[in-house]
Amino acid sequence: MVSKSLVSITDCTKEEYLRILNLAKEFEANPHQNILNGKIVATLFFEPSTRTRLSFESAVLRLGGRIIGFSEASSSSSSKGETFSDTIRTVSNYCDLLIIRHPLEGTARLASELTSLPVINAGDGSNQHPTQTLLDMYSIQKTQGRLDNLTLTLVGDLKYGRTVHSLIMAMATFKPVFYFVSPEELKLPDDYRVFLKQNNIEYHETTQLPHAMKVADIVYMTRVQRERFLDPMEYEKTKNAYILKAEMLSDTKPNMKVLHPLPRINEISTDVDSTDKAYYFQQALNGVYTRQAIISHVLGLK
Ligand code: CP
């Protein structure tokens with residue numbers, strides 16, 4: 001079977017999304033499968049991570065593979081001035097698959113053009129986070145029993161939040177209604193609005209949370225992305241825009257679940273954690289099964 005990269009969520013067709021989600025279900029039922037025996041996976045993280053890097057590493061180990069890599073640019077030779085392309089060319093000699101996170105948009109695509117190995121984008125700046133999207137879809141499917149015709153309310157930093165950008169593009173293939181809730185300063189970039197109009201997807205934009213929560217099947221909270229702001233004062237102005245509290249959940253649909261890619265700062269109060277609406281820690285666990293599925297898919301092992 002042929003290996004391929006996962007750089008943008010649109011690198012996959014709707015059929016491939018469903019295939020990866022079915023594989024994730026298979027790995028959830030049977031997590032330890034020795035299909036990566038003899039393979040080496042490199043995790044190159046030029047930007048901090050807890051969930052993405054460690055769930056990828058857990059996924060590789062559960063599949064019987066081995067891991068090399070670095071968790072910060074400062075511990076690699078890029079801190080001495082080595083170019084990104086020289087790093088990619090070099091590490092390509094040491095492994096079978098590259099998993100890359102970088103603060104600059106487009107770096108995963110660039111890496112895929114510099115190496116013949118498959119590349120998985122673990123987040124590139126404010127652009128995309130396709131593996132997060134697949135685990136979000138797995139979580140949506142698990143909690144709602146379907147992906148089609150759902151109302152998805154996305155809250156917070158819709159300007160810089162890469163998880164939101166790739167989730168919108170993937171879920172658009174399942175006829176959703178979107179509610180986008182953000183401060184004016186953190187509205188969804190125009191490109192996504194154009195994309196939704198071209199694909200005849202219903203969406204509503206508002207600064208107000210209550211109605212958008214009441215009609216939602218999924219409330220997808222996001223943190224305000226401090227590290228992307230050029231002006232710290234802009235961050236200060238928006239950082240407390242939405243804080244979800246347990247008392248706000250009483251008027252929501254019985255099936256509604258709260259998702260969050262994490263890390264959270266203060267946008268979900270800890271009193272939500274013990275309610276039956278909170279699903280964000282199970283969502284992070286689903287990341288292991290989904291990333292096992294993604295690795296198997298890109299390497300053509302399943
Ligand atoms: N959701 C996510 O990307 O988390 P990390 O930054 O901890 O990897």
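Keep in mind that the numbers below use all heavy atoms, side chains included, and drop hydrogens, waters and symmetry copies. For ligands, and for the atoms within them, numbers begin at 1 and follow the listed sequence. Values in this document were obtained by computation on a predicted structure and should not be read as measured data.
The residue R223 has no part lying near ligand 1, judged by heavy-atom distances below 4.0 Å. Of the heavy atoms in T163, none comes closer than 4.0 Å to ligand 1.
Using a non-hydrogen distance threshold of 4.0 Å, H129 registers as a contact of ligand 1.
Of all atoms in ligand 1, listed by their number and element, those nearer than 4.0 Å to a heavy atom of Q132 are 1 (N), 2 (C).
Between the side chain of S166 and the main chain of H129, a donor-acceptor pair closer than 3.5 Å is present. Within the 3.5 Å criterion, the main-chain N or O of K25 finds no donor-acceptor partner in the side chain of Y289.
Aromatic ring centres of Y192 and F180 lie farther apart than the 6.0 Å criterion allows.
Under the 30°/60° scheme for interplanar angles, the aromatic rings of Y179 and H211 are found to stand perpendicular.
Follow the hydrophobic side-chain contacts under 4.5 Å out from L110 and you reach I88 in the same cluster.
At the shortest separation from atom 7 (O) of ligand 1 among protein heavy atoms lies T50 N, 2.8 Å. Of the protein's non-hydrogen atoms, R101 NH1, 2.9 Å is the one closest to atom 6 (O) of ligand 1.
Ligand 1 has a nitrogen or oxygen under 3.5 angstrom from a nitrogen or oxygen of T52.
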